[in-house]
Amino acid sequence: MAQLSGSGARDGLRGLFTAPRRSAAAAVVVLAAMAGPAFGQALPPPGDREIRIGNTAPYTGPASAYGVIAKTITAYLDKVNAEGGINGRKVNMITYDDAYEPTKTMAMTRKLVEEDNVLLALGTIGTNTNAAIQPYLNSKKVPQLFALSGAAAWDQPQEFPWTIGFLPTYTAEAQIFAQYLLENHPRSRIAVLYQEDGMGKEYLKGLKDGLGGKMAIVAEAPYKVTDTTIDAQMAKLKASGADVLIEFTTPKFAIMAIKRTAELGWRPLQFAASISNSYSAVIQPAGPQNAEGLLSAAYRLEGEDAAAAGEAVFREWSAFMQRYLPSVSKTNGQAVLGYLVGKLTVEVLKNCGDDLSRENIMKQARLLKGIQLPMMVQGIKIDTSPSDHAPIEQMRMMRFTNGQWQHFGPVRSGVDAGAVSDSFKTIFKYGTATKRDLANQLNANTVSLMTGSFGSTYAQVGADLASVLDNGTALRILPVMGRGSVQAVSDILLLRGVDAGIVRKDTLSYLDRKDFAKDIRNQFVYVAKMFNEEMHVLAPRSITNMRDLDGKTVVVDLPDSSTFVTAINVFDRLGIRPHLIYQEPRLAVDMLRKGEVDAIVAIEGKPLQWLNQINDRNLHLVPVDYAKPLQEEYLPSKLSSADYPNLVADGGSVETIAAEAVLASYNWAPNSDRYRRLALLVDTMFDKVGQLQRPPFHPKWKEMAPRATVSGWTRFKAAQEWLDRNMPLPANAAVSAASGAVAPPPAPFAAPAAAALAPQDRDPLYREFLEWRASRAKAGASR
């Protein structure tokens with residue numbers, strides 16, 4: 001038995017009265033040996049047949065209700081040891097009482113690592129407690145597995161690669177509450193009770209971000225974890241006239257809030273945080289009658305929800321509790337949490353095989369894919385990756401009715417894919433045009449053009465423009481390397497000196513639909529439709545269609561990229577929920593080959609250089625059907641063997657969709673200098689498109705359709721005036737152009753013969769569309 005001295009001995013003794021009874025081979029709760037020459041000395045290193053794990057938990061103090069989590073983890077490891085251990089090794093979990101005090105957590109964690117020689121720290125409970133030990137464990141390269149707090153800090157793999165969380169983040173949960181309120185009670189007035197620490201403030205911020213100013217929070221009342229009453233806070237919240245009360249609290253204060261609400265005769269729509277919705281730890285002491293109608297969200301099941309768990313799962317859970325934790329109620333949700341952590345820990349350790357190095361433990365913890373643990377809500381799975389240390393990102397709403405929790409509605413994600421983009425966040429904060437400072441002009445006729453990343457279609461098109469349009473002091477084009485469509489929108493709005501940029505039509509629609517920028521339709525204009533960018537989905541041959549990606553791990557480029565926006569938009573429209581990985585597609589090929597990811601999505605103009613270098617018979621391009629939900633924003637297209645001879649059979653093709661890229665700018669006033677410079681770019685570019693459409697310039701220039709409109713968006717005034725002067729529409733073509741039909745290539749613009757050509761002869765994409773439509777009709781007739 002491990003030994004303590006000084007205050008450590010007193011803390012260890014506290015655990016004696018709260019720890020479950022142990023078996024001889026089991027994980028142990030460490031207590032102080034009161035005599036013997038080894039007192040106060042470090043434990044010897046673990047033997048070859050031992051896996052030694054460290055833990056601290058609040059067995060006493062204001063958060064003592066959470067102590068049962070650690071008890072359940074150790075009890076589950078007892079069960080695993082009794083059944084032969086993990087790969088022939090016994091698990092020894094050493095756990096101390098930290099009383100929910102960060103200074104004690106730090107002292108005990110240091111002892112666990114430096115004296116008790118633990119392999120990893122597991123399941124530390126609390127935000128401030130985990131924050132206290134995170135830098136230390138990472139500096140020592142000791143895995144900090146499954147930190148039991150919903151703070152976003154545990155999902156920072158670049159800064160803290162040895163830390164990984166477990167719970168849905170407080171922000172995600174609060175945003176799920178916001179989703180529910182906006183859908184069902186949009187005119188309500190909200191009051192919030194929250195713990196005045198990192199946990200409570202993160203919950204509150206998540207709620208505000210989720211509401212987006214669309215509902216009023218009329219009162220906020222913080223409390224300290226050391227407070228003995230919250231009567232004053234509850235009186236303030238009631239007096240606000242709110243009809244919704246949201247409690248971001250720990251169990252002790254959730255009990256107080258539920259009771260006090262009933263005592264005040266106040267009947268708001270009441271929400272409890274998932275960390276405080278346990279029946280036995282919260283509802284029962286608060287009075288089930290007082291909790292009737294209480295709302296919450298869950299990723300795990302209640303301990304006595306046999307119907308939701310299923311017969312086999314519930315039987316296994318009940319047998320475990322009866323044998324290893326008979327003194328703990330099965331209705332205690334914290335016990336379910338401990339059970340899940342125990343099971344996931346065993347999964348990681350089993351996957352380590354004989355390599356129980358700390359490096360391999362973290363590697364396996366980062367490669368959890370599509371795991372549905374028993375006693376979790378159906379449809380919620382655990383996924384991690386080297387760039388994602390948040391195992392659970394979904395929850396389901398539930399309501400306390402007739403003495404029990406009842407789940408309802410869909411599984412909701414509290415993580416808006418768009419929210420990981422710094423550019424979206426920047427655009428969301430954007431105010432009005434009057435706040436933008438004009439850039440100092442170094443050259444009256446210099447135009448800065450935001451393109452894309454190195455090697456991208458956008459970057460090559462920008463370089464082409466500079467090569468063709470630069471004319472000394474008359475006009476100079478400065479292509480700027482960017483990170484894609486989202487970054488380009490942000491830069492056009494905010495970055496000094498950026499005049500225009502290449503962006504995607506669907507990015508603009510996404511921004512408008514999400515209401516990320518104030519009045520963006522009036523602030524943004526487009527110059528011309530540039531070209532189409534095809535959706536490439538590279539995957540093993542076991543993935544035969546887009547539906548197969550549901551629940552799979554998919555690379556969608558960086559969060560500011562064009563691929564990122566189109567990918568999340570397509571998945572959303574098709575109702576597909578993959579686990580997203582934010583990595584450049586060309587850098588993720590090895591991950592795909594190793595099975596670390598299931599697919600790579602890249603949306604760029606074909607052919608892609610890096611994709612053409614792949615010659616692997618196990619990989620192929622997944623077809624993207626031109627389904628009805630996609631037809632509003634995308635065009636049908638194909639990837640042929642000529643485009644990708646190593647991935648498409650000779651003479652064959654793969655159906656896909658194409659997103660439209662446009663040249664866009666800020667809506668400068670016609671009398672401004674920025675307007676003048678952009679007009680200069682427009683006039684020169686339109687005059688020279690014929691030259692750009694010939695080699696050696698990018699073949700995508702052949703798809704440029706100046707007359708094509710971008711539905712719902714305004715064309716730059718100078719561009720429209722140029723078209724009206726130089727490419728007037730015939731009367732019978734006005735309707736077609738207004739509908740957004742693809743117009744003929746602009747070279748030669750004014751040639752009378754061009755107007756006489758049929759659409760399929762004038763535009764290759766339109767011809768491809770007709771071929772696609774004919775093949776679909778033929779396939780339908782054959783069926």
Side-chain angles (χ1 to χ4, degrees), residues 1-22 26-34 39-40 42-43 52-78 91-118 120-134 136-137 142 144-149 166 197 199 225-226 250-252 275-276 278 280-281 324-325 327-328 332 334-335 337-339 341-342 345:
M1 182 172 289
Q3 300 171 7
L4 311 172
S5 63
S7 62
R10 293 191 295 273
D11 292 326
L13 285 171
R14 291 190 187 110
L16 175 64
F17 304 103
T18 54
R21 187 172 297 175
R22 325 299 309 157
V28 297
V29 174
V30 173
L31 308 175
M34 300 324 255
F39 182 72
L43 286 176
R52 192 176 297 173
I53 294 173
N55 166 267
T56 70
Y59 294 109
T60 60
S64 59
Y66 293 143
V68 74
I69 299 172
K71 295 179 188 178
T72 309
I73 296 172
T74 52
Y76 186 78
L77 296 176
D78 281 346
V91 184
N92 177 11
M93 178 163 163
I94 303 173
T95 178
Y96 295 129
D97 178 15
D98 64 12
Y100 207 54
E101 295 179 18
T103 53
K104 287 187 177 181
T105 308
M106 182 66 245
M108 293 173 182
T109 299
R110 187 181 293 275
K111 174 174 170 40
L112 285 166
V113 172
E114 298 176 13
E115 297 182 28
D116 298 333
N117 294 294
V118 299
L120 60 98
L122 173 67
T124 302
I125 298 165
T127 298
N128 293 342
T129 48
N130 272 290
I133 62 176
Q134 186 180 30
Y136 169 75
L137 290 173
V142 176
Q144 184 182 9
L145 286 194
F146 310 137
L148 293 179
S149 150
F166 183 83
D197 62 5
M199 176 202 80
V225 71
T226 53
T250 48
K252 173 183 173 181
I275 58 174
S276 297
S278 166
S280 63
Y324 291 94
L325 279 176
S327 61
V328 176
N332 192 324
Q334 309 306 337
L337 172 54
Y339 183 71
V341 173
T345 302

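Taking both residues in full, the closest heavy atoms of Ser278 and Gln334 are given as CB-NE2, 4.2 Å, listed atom of the first, atom of the second, then distance. Considering every non-hydrogen atom in both Leu325 and Ala75, the closest pair reads CG-CB, 3.7 Å. Scanning both residues, Ala99 and Lys104, for their nearest heavy atoms gives CB-NZ, 4.3 Å. What you find for Val142 and Ala121 is that their closest heavy atoms are CG1-N, 4.2 Å. Residues Ala57 and Ala70 come closest through the heavy atom pair CB-CB, 3.5 Å. Shortest non-hydrogen contact noted between Pro251 and Ser276 is N-OG, 3.0 Å.
Each of Thr250, Thr127, Asn128 was evaluated against Asp197; a single residue qualifies, Asn128, per the side-chain contact (heavy atoms from CB on, under 4.5 Å) test. When the options Thr74, Val68, Ile69 are evaluated for a side-chain contact (heavy atoms from CB on, under 4.5 Å) with Thr72, the one that passes is Val68.
Contact annotation: the side chain of Ile94 never approaches that of Asn55 to less than 4.5 Å [non-hydrogen atoms, C-beta and beyond]. The shortest side-chain heavy-atom distance between Ile125 and Pro58 falls under the 4.5 Å cut-off. Counting heavy atoms from C-beta outward, Leu120 and Arg52 have side chains that stay 4.5 Å or more apart. Considering only heavy atoms from C-beta on, Tyr66 stays 4.5 Å or farther from Leu148 through its side chain. Within the 4.5 Å cutoff, no side-chain heavy atoms of Thr60 are placed close to those of Tyr100. Side-chain contact between Leu112 and Thr56: present, with at least one pair of heavy atoms (C-beta onward) separated by less than 4.5 Å. In this structure, the side chains of Thr345 and Ile73 stay at 4.5 Å or more apart for every pair of heavy atoms. Residues Ile53 and Val91 form a side-chain contact, since some pair of their non-hydrogen atoms from C-beta on lies under 4.5 Å apart.
For the residue pair Tyr96 / Thr105, no side-chain donor-acceptor distance below 3.5 Å is found, with atom types taken as modelled.
Taken from CD in Gln144 to CD1 in Ile133, the straight-line distance is 4.5 Å, to the nearest 0.5 Å. Residue Thr124 holds its OG1 atom at 11.5 Å from CE of Met108, rounded to the nearest 0.5 Å. Atoms CG and CG, on Asn117 and Asn92 in that order, are 11.5 Å from each other to the nearest 0.5 Å. The line from CZ of Phe166 to CG of Leu122 is 10.0 Å long, rounded to the nearest 0.5 Å.
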Requested in this report: Check the pair Lys111 / Asp116 against salt bridge (charged side-chain N to carboxylate O under 4.0 Å, His left out), numbers first and verdict last.
Outcome: CA-CA 6 Å; Lys111 174 174 170 40; Asp116 298 333; 3.3 Å; yes

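Residues meeting the side-chain contact (heavy atoms from CB on, under 4.5 Å) test with Ala107, sequence neighbours left out: none. Residues satisfying the side-chain hydrogen bond (donor to acceptor under 3.5 Å, both in side chains) test with Gln134, not counting sequence neighbours, are none.
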